[in-house]
Amino acid sequence: MNRTNEKDLSDDDSRIDDVSSSTITAATGCNDDETNSNNQHSSAARGMSSIHAGQPSEEQELKRATAKKLIEQYFYQLIDGCGNTECTNKHCASSGKVEKLSPNAAAARAIQLFSQEATLCYTKEHHRDQEHHSQSNPRSSSSSSSSSSSQKQRPTSMVSESDTLECPAEEENQNMEVTYECSEHVTMEKDTAATSSSDVGKKESARSGVASSSCTLDENGVDGKMLKQLCDQCIERGCVVTLVDQISAIFSSCQLLANSFQRSKATSSIDRMLARAPQGDLRKLKKEDLRSLEGDLDKDEDSKAPIEESPQESSDPAHTSVDIESLRSTMKALYTAQPSIFDHIDAALQKLGENLSAELGSMQSTEQLESVVTALVIVFETLLIGSAIMIEGGFPRICSAVGMLPVKSQARLVRIWAHHCPDSIHPLLQQLQQLVTISIFSPALYRTGRVHNNEDVGNAVKTMKLVFYANILAGELEPTHFRETDLRDTSLPTYLSLIPEDDDDEGDGAGADGEDDLMDEDDESIEHRDRRSKQRQKYQDPLEKELDVNPLDCRTPLVPYSEFYNETLCDQIEMDHDYLVYKSMSSLPANGSGFCFMYYSFILTPATKTLALYYDSRIRMFSERRLSVLYNASTGNRTSMQGLNPFLNLRIRRDHVVDDALVELEIIAMSNPKDLKKQLVVEFTGEQGIDEGGVSKEFFQLIVEEIFNPDYGMFVTNEDSSTVWFNPSSFENEAQFTLIGIVLGLAIYNNIILAVEFPMVVYRKLMGMKGSFLDLKDLNPVLFNSLNSLLEYTENDMEEVFMQTFKIGYRDVFGNTLEHELKPDGDKIFVTQENKQEFIELYSDFLLNQSVQKQFHAFRRGFQMVTDESPLHLLFRPEEIELIVCGSKEFDFDELEKSTEYEGGFTAESQTIKDFWTIVHGLSMEAKRKLLQFTTGSDRVPVGGLARLKMVIARNGPDCDRLPTSHTCFNVLLLPEYDSKEKLEERLLKAINYSKGFGML
């Protein structure tokens, strides 16, 4: 067996000894007098009986760890043998009777041999350790010799092969039970010998000034035990030069680092097999359990067919050979003993990061990239321990190397973090946030001008993306079958079949090009059509695609999504510039350059994302307006036809808001859907108000109130959750739901907040997810709790207790009871423990998906007609879309007071202003909402809170009897300078309570 396996086995022995030594009788070895042997035997018997009888979980874990110790010995016996060329043990590689086994196969076979209490030989490590013990400690030589002779006189599993084969079956079984205790004492004896040898080596090294040969650096790197030993030697000599040289060499070399802190092949393979093994006594495993452990090697135990070894990555993409726990304990101990060493580690990591950044571009070998990933796992664990020292040194350079990794290697790193280092995700995120903040305020930022040009910020954000996806994988994921297909693949319903699906040069239409396209089809180049085809496809992050994960799959991540926001960064980002970079990169991805934060939206606050959406909609509005004006100028057409109008004009009668709006929108959608992208201008018939934003706000408020009125029968309201849902038995045709989707899309497009109370599942479905059982919690909490109680019920009398079949009943908007069978003959199938999960999934799918499929499909189509080209899907999660649609729920009028500006002679110190805010803070919440409605045209709070409202209070003359007035388009409140607080309160309350309609002052 090679030196690496010897070292790894020694590490495993020491770790297991630390765990299980407290459960055994103190002794110096297995080779003491007969009394100690009997005591050990009785102790082992008690240990075995206690396992069979059942132990508390902690004690069972200790016994399981002891069993793992023996399984490792079987493993090495199968792989490398005992070293005896005359060995006759059929379970030993030295006998020539064991076929070549892969690590996984050997681990499964070792567990099988342990359960059968098979013969166990001396291992080569045991021979070497005894020889090393004799050489380093002459006084123990005689005792070792006598131990060998006495060992043959009593039953034990650690005897020579010939002696073992002569033992009867009963004695052999007794031998295996003794091993539970005896193996621990053998390990303690080896540790004692190693300690004695180490002490002698330290003294000799102290005289010569050279480290012992056991710690000499080679191509195999180092492990935790070697590094700790070297550190102790250097501290004892009072000179850390050797330690610094070794550390610097390791952490500056990718290959040396990748070979360090490795788990032994026994530990990694056995851990995987034990994780799949049933809990409890491993000796009681059934034959079926043993065979299932072999996975693809599921064959008869007597089969001698050779087993091919397959790459580990193909079976477990998250596999890593790094011993994470050993790495952490070693680096923490090193940091405690010699914190100054981390200065040298930092310098080495800077060199490593620079080398990787230069070499990764040309690195193609899979083995080389795998070594880089392994090295980075070690590096980031080290960075977390020495973060205070490395935050401005090695950390940014390592992040630069991570950004250069191929997507597949990044995915490997993400999976390793998610499965093996979940407790490092939050600390790593905090360190990256700190690095971003520090880099923002560094002098380099002011030299480069924009935060987009700061490479340290960009590299940290790129690395944070890996942490973001690791955080998702480490959270609670839903099955992938809840994902919808591409939303843009939906075909047009028949009632809107005349709508051209894509007549925009830059559109993301659903199907073929429309016949009314302004550009002649014959003149359109193939290259142009290819570019348009790519633009129609929804953007998907390459790493997301490689991992086959969607952020919407994870409802509860390991770390809340809000932890990824960086408000300091968002304050520095120029979103107008970032949006232009986004458009450049999205339109010409091959030639796009620069860094765009919109592709890393997890770090942006909802308010910053809303600003990006605002720029997108305004630029599109201006573009449509410009094209209309140019077309009119070129054709000499001065008419006011809708197709040539630079605005989306709606003339609405206040008493027929819904009818007028839906009719006009339907005409526009059928004639030229591009007009929906123009700036909305609403005019109420018979009123003088000019729409600069305020009239549109009231229009949306009125139409929402009417549409969701129960009298229309399009939506139903759940009294328990106060949310509205699609009426599955609505008499309205699908066109009405399409037009309602257009209204919702127009509200987002025109940056208007609506008073709608949709459950979260609506926004999840708009983003491409199907409704599932957990979505019922927001929509119908009573039903959710009822189904959850059924799911948690564990008794076998479920049929008698619940008396529930696969036939369900529900009520429509008129109170009528309707029935539905979730599967054929559902009224004859009772819900049992075996099918309750299926029942809940079918029930949820029917309520949230199937029963409203036509209504929601039409609603979503209308929504996409307005938002299909916007970066909505790129930027926002469902809960954030709810925020931009409905506004924030935090009414902080103190923030509003701080952000309000004053004009016309008013200041914050004016008595009228002081009285105004005193009155406002004393109003009820309902009155405060009316004040917002009166001043801004909406009683909703914008994304980011009232501080972003930018309200203006202007002096409107001296004291008089006039009521306060407002310009809702500009959030301006016109307030006369009343001579008393009482008069101000009376006039203000009357104004906000009796305000409806618009007029010219």
Side-chain angles (χ1 to χ4, degrees), residues 476-485 490 493 552-553 555 710 713-721 723-734 737 758-766 768-860:
E476 300 176 8
L477 293 176
E478 287 192 338
T480 57
H481 64 259
F482 286 116
R483 300 178 193 170
E484 291 272 16
T485 55
T490 57
L552 299 180
D553 295 339
R555 294 177 183 269
M714 300 180 67
F715 295 90
V716 294
T717 302
N718 187 285
E719 297 179 356
D720 297 314
S721 61
T723 57
V724 294
W725 184 245
F726 300 88
N727 181 12
S729 56
S730 174
F731 294 111
E732 301 292 338
N733 59 36
E734 297 177 33
F737 287 97
F758 281 133
M760 184 59 65
V761 63
V762 172
Y763 303 103
R764 287 180 59 83
K765 287 170 70 69
L766 284 175
M769 299 296 291
K770 295 179 181 178
S772 62
F773 170 60
L774 294 178
D775 291 310
L776 287 175
K777 189 173 184 179
D778 291 330
L779 175 61
N780 193 333
V782 174
L783 177 60
F784 174 81
N785 292 332
S786 177
L787 293 177
N788 195 46
S789 64
L790 183 147
L791 190 62
E792 295 176 349
Y793 192 78
T794 57
E795 302 297 331
N796 294 324
D797 57 350
M798 178 173 286
E799 297 182 34
E800 293 77 14
V801 173
F802 290 90
M803 300 184 65
Q804 176 66 54
T805 66
F806 275 72
K807 184 177 182 179
I808 62 172
Y810 61 98
R811 293 183 180 273
D812 62 10
V813 70
F814 305 106
N816 301 321
T817 301
L818 306 176
E819 294 182 340
H820 175 75
E821 290 187 356
L822 298 176
K823 57 193 308 185
D825 297 326
D827 58 335
K828 301 177 183 179
I829 305 175
F830 280 88
V831 177
T832 63
Q833 290 290 353
E834 289 73 23
N835 62 18
K836 64 181 181 181
Q837 186 66 45
E838 179 189 11
F839 169 77
I840 289 176
E841 290 184 0
L842 290 175
Y843 198 166
S844 304
D845 182 62
F846 172 75
L847 290 180
L848 300 175
N849 302 312
Q850 294 183 17
S851 64
V852 296
Q853 182 176 0
K854 292 182 179 179
Q855 293 86 339
F856 186 81
H857 180 89
F859 172 79
R860 184 176 65 189

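By convention here, the first residue in the shown sequence is residue 1.
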Side chains of [X] and [Y], heavy atoms from C-beta outward: is any pair under 4.5 Å?
X	Y	answer
Asp827	Glu819	no
Thr723	Phe758	no
Phe784	Phe773	yes

Closest contact, heavy atoms only, [X] versus [Y]:
X	Y	value
Ile829	Pro824	CD1-O, 3.9 Å
Phe830	Phe806	O-CE1, 4.2 Å
Met798	Val831	CG-O, 3.6 Å
Ala858	Glu734	CB-O, 3.3 Å
Val852	Leu848	CG2-O, 3.7 Å
Phe802	Leu790	CZ-CA, 3.8 Å

Hey, does the side chain of [X] reach the backbone of [Y] with a donor-acceptor pair shorter than 3.5 angstrom?
X	Y	value
Asp778	Asp775	no
Ser844	Glu841	no
Thr805	Lys828	no
Asn785	Asn780	no
Gln855	Asn727	yes
Ser851	Leu847	yes
Asn718	Ser721	yes

(message) Classify the ring geometry of Phe715 against Phe726: parallel below 30°, tilted from 30° to 60°, perpendicular beyond 60°.
(response)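 Geometry flag for Phe726 against Phe715: tilted rings.
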To the nearest 0.5 Å, how far apart are [atom1] in [X] and [atom2] in [Y]?
X	Y	atom1	atom2	value
Ser772	Ile840	OG	CD1	12.0 Å
Asp797	Gln833	CG	CD	8.5 Å
His481	Lys770	NE2	NZ	7.5 Å
Gln804	Phe839	CD	CZ	4.0 Å
Leu776	Tyr843	CG	OH	8.5 Å

(message) Could you tell me if Lys836 sits above the aromatic ring of Tyr793, with its cationic atom closer than 6.0 Å to the ring centre and no more than 45 degrees from the axis?
(response) no
(request) Output, in order, the C-alpha distance, side-chain angles, deciding distance and verdict of side chain to side chain contact (heavy atoms under 4.5 Å, CB included) for Arg555 and Arg764. (result) CA-CA 11 Å; Arg555 294 177 183 269; Arg764 287 180 59 83; 3.6 Å; yes
(request) Answer with yes or no whether the side chains of Asn788 and Lys777 bring together a donor and an acceptor at under 3.5 Å. (result) no
(request) Could you verify whether a donor N or O on one side chain and an acceptor N or O on the other, from Asp845 and Gln850, lie under 3.5 Å apart? (result)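 Judged by distance alone, the side chains do pair up.
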(request) Would you check, one step at a time, whether the test side chain to side chain contact (heavy atoms under 4.5 Å, CB included) holds for Val761 with Met769? (result) CA-CA 8 Å; Val761 63; Met769 299 296 291; over 6 Å; no
(message) Using a 6.0 Å cut-off, check whether atom CD of Glu838 has over 12 heavy atoms from anything other than its own residue.
(response)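 Correct, the count exceeds 12.
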(message) Can you confirm whether more than 12 heavy atoms, excluding those of Glu719, are under 6.0 Å from its CD atom?
(response)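 No, CD of Glu719 has 12 or fewer neighbouring heavy atoms, counting only those of other groups under 6.0 Å.
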(request) Apply side chain to side chain contact (heavy atoms under 4.5 Å, CB included) to the pair His820 and Ile808, showing each step before the final yes or no. (result) CA-CA 5 Å; His820 175 75; Ile808 62 172; 4.3 Å; yes
(message) Test side chain to side chain contact (heavy atoms under 4.5 Å, CB included) on Leu766 and Phe859; report intermediate values, then the result.
(response) CA-CA 9 Å; Leu766 284 175; Phe859 172 79; 4.0 Å; yes
